[in-house]
There are 2 protein chains.
Amino acid sequence: MTIGLAHAELIAVLSAVTGDEPRVMTVRSGDALPSGPFELGHRSLQAGLREWVGDQTGHPLGYLEQLYTFADRDRTHEDAEGRTISISYLGLVREQAAPGAGKPGWHGWYEYFPWEDHRGGRPEILAAITGRLQDWVAAETARREHRRRRVDFAFGLDGAAWNEDLGLQRYELMYEAGLVAEAGCSPAKSFGRSMFADHRRILATGIARLRAKIKYRPVVFELMPESFTLSQLQRTVEALAGLTLHKPNFRRLIDQQELIEETGEATSETGGRPAKLFRYRHAVLEERALSGSKLPLSRN
Amino acid sequence: MTIGLAHAELIAVLSAVTGDEPRVMTVRSGDALPSGPFELGHRSLQAGLREWVGDQTGHPLGYLEQLYTFADRDRTHEDAEGRTISISYLGLVREQAAPGAGKPGWHGWYEYFPWEDHRGGRPEILAAITGRLQDWVAAETARREHRRRRVDFAFGLDGAAWNEDLGLQRYELMYEAGLVAEAGCSPAKSFGRSMFADHRRILATGIARLRAKIKYRPVVFELMPESFTLSQLQRTVEALAGLTLHKPNFRRLIDQQELIEETGEATSETGGRPAKLFRYRHAVLEERALSGSKLPLSRN
DNA sequence: GCCGGATATACTCACTTCGAGTATAAAAGG
DNA sequence: CCTTTTATACTCGAAGTGAGTATATCCGGC
């Protein structure tokens, strides 16, 4: 009995935010996520990836978290013998000063998912997408209502609000409905830039995870420079979430968490009243899971 | 170059709640979690595990979710050639009627983590644990404050409240401090029942994930019978969280989510006023992520 | 048949949080 | 000096949350 021998591969979703644009590190001029074999010498998966990223890119890797492990049959690689297991990670990189618009290897998230950026209102492309999805719903007979609910929920239709966390569900629905090139549809009828194999799905997984996480863990600061203004911080969160936020309330939220402190300096780069500079209070670091219970505790 | 050839193994944390006790399926009379090789024939990891569990146990598997993939060097198996990659899953099983107290294979969570059950107040064993942890903090010189903060936060000391979600962090701290048998300390000085290899850590991962998830996703219902009373539901949540909840507020929480509906029947099993029976509204199923934003949106 | 114990269910109230809007301050440029 | 632009500060009502109290309905004993 041949038991579970397989190739192990690491895939990284490395993200940074430059100015207002969330970006991901790619190879093959934007067609694939960086990946490599899991070498035997490494102490752990985490350590292996960290080391490997340090070598490949100049950037030091701040935050690193495991995303998901894929091993579907259709992912079999070159050789028939054995299957490939892909272990994906999400990493956050602090983009130092140099935005480098044309930096090779870094591509904007929303090239791949143009329907996910709602900062300028609901993107026009969504009308076309949901139109095609309606056809797909109508094409089903047996479980049509179930399908309709899934679409309405994921895309904020029929009274439901747009939920930025559902990027993965949206991509998977579009895949099922044959609206993306990876599903085999013609490039002319597909939406967003496609990627090699299932890399775009892995990217969607990473984006969704990060969007969910910034709400209850102070991970945004892994993307910020040493000192920053509140507006910069807000624009970074907005870039990740693909949404615009209410300024006064954002500021209230931030300072009641006591995650940052003033540096004492100010900057007048943006033309207008100079903004105070802040820094992250490293004292809180890993600890502190914001808020919490949500369960109605009793006093015992 | 030998690239990433490894053994692949699936490990399952299968949980159920019988009465007031959360349980996990084990093998080797409670010393290990069920696991098996990842066979090549399966369509995907998920499908492979689901099929395998169906064969091994009679129970159908309701909910299934990937937990984490481990591949640390110290996990190397029998043969030196190649490393073992363990992909762990969390599965929820609906315990049908028969509680079977002495059911072989099912053990209570709190045998392994006696300090995690706070339903009867703060467990006495915690005093001993935190005492030993204080020694461990004192033994550090360079980063003593960091260590102290980690301990205080994880165990709810020095003003911090007990947070049921931090079970994994607590176990890892105890491992670091050498308070569990798996870390090589003498059985006399260790806390809780130990398991084979890193299985107890995987169990802690599953418990922590489930405790966090019941707060924002209706997964509890995967553990409930077809119809149930509100008290039963509350006791199940309490068993998982290891906490007692405020009854009136729990009921308010439940019915404002509109996740359940009355069956029309009632039961008078518990002696007292008969309780109405409810059933889960399957209409909402996968959809609906409870609540959501937490980010201060603007009206655009 | 009535009463206390036990459990289920319903309602109230103060306090905090949250969405939304308005007002003031400090720079730059014509 | 006045307008534009961005930063910062304050207010208010609606909704949500923690905590406690009141009423309903069964069981068993007297």
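Values below: every heavy atom of this structure, side chains too, minus hydrogens, waters and symmetry copies. Residue numbers start from 1 in every chain, and the chains themselves are labelled A, B, ... in the order their sequence lines are given, proteins ahead of strands.
The listed nucleotides are C/dT9, C/dG19, D/dA19; the one nearest the side chain of B/P296 is C/dG19. Picking from D/dT8, C/dC11, C/dA8 the nucleotide with the shortest atom distance to the side chain of A/L230 gives D/dT8. Closest approach to the A/P248 side chain among D/dA9, D/dG20, C/dA20 is made by D/dA9 (side chain taken as heavy atoms from C-beta onward). Comparing D/dA7, C/dG21, C/dT9 against the side chain of B/A275 picks out C/dT9 as the nearest.
Distances shorter than 4.0 Å separate none of the side-chain N or O atoms of A/R251 from OP1 or OP2 on D/dA7. One finds no side-chain N or O of A/K276 lying less than 4.0 angstrom from the OP1 or OP2 phosphate oxygen of D/dA7.
Position along DNA chain C of the nearest nucleotide to B/Q232 versus A/Q256 favours B/Q232 as the more 5'-ward residue. Mapping B/T229 and A/R252 onto DNA chain C by nearest heavy atom places B/T229 at the nucleotide closer to the 5' end.
For A/W109, there are no ring-ring contact (aromatic ring centres under 6.0 Å, His included) partners, not counting sequence neighbours. The ring-ring contact (aromatic ring centres under 6.0 Å, His included) check on A/Y68 picks up A/F70, with sequence neighbours excluded. Every residue two or more places apart in sequence or in another chain that forms a side chain to side chain contact (heavy atoms under 4.5 Å, CB included) with A/A212 is listed here: A/D165. Residues satisfying the side chain to side chain donor-acceptor pair (under 3.5 Å) criterion with A/E261, sequence neighbours excluded, are A/R279. The side chain to side chain donor-acceptor pair (under 3.5 Å) check on B/R251 picks up nothing, with sequence neighbours excluded.
The structure places CD1 of B/I260 at 7.5 Å from CG of B/D255, a figure rounded to the nearest 0.5 Å.
Atom P of nucleotide C/dC18 and atom CG of A/L245 are separated by 14 Å, given to the nearest angstrom. Rounded to a whole Å, the NE2 atom of A/H246 is 18 Å from the P atom of C/dT17. Between the CD atom of A/Q234 and the P atom of D/dT8 there is a distance of 11 Å, given to the nearest Å. The separation between B/L277 atom CG and C/dT9 atom P is 9 Å, rounded to whole Å. Distance, A/L253 CG to C/dC18 P: 7 Å, rounded to whole Å. Between the NZ atom of A/K247 and the C1' atom of C/dG19 there is a distance of 17 Å, rounded to whole Å. Following rounding to the nearest Å, A/F250 (CZ) and D/dA7 (C1') show an atom-to-atom distance of 14 Å. Distance B/L297 CG to C/dT17 P: 19 Å, rounded to the nearest Å.
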Once each nucleotide of nucleotides 23-30 of chain C is scored for protein heavy atoms under 4.0 Å, what B/S/- sequence comes out, 5' to 3'? --BBS---
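Aromatic ring orientation, B/Y171 versus B/F113: perpendicular (interplanar angle above 60°, classes split at 30° and 60°).
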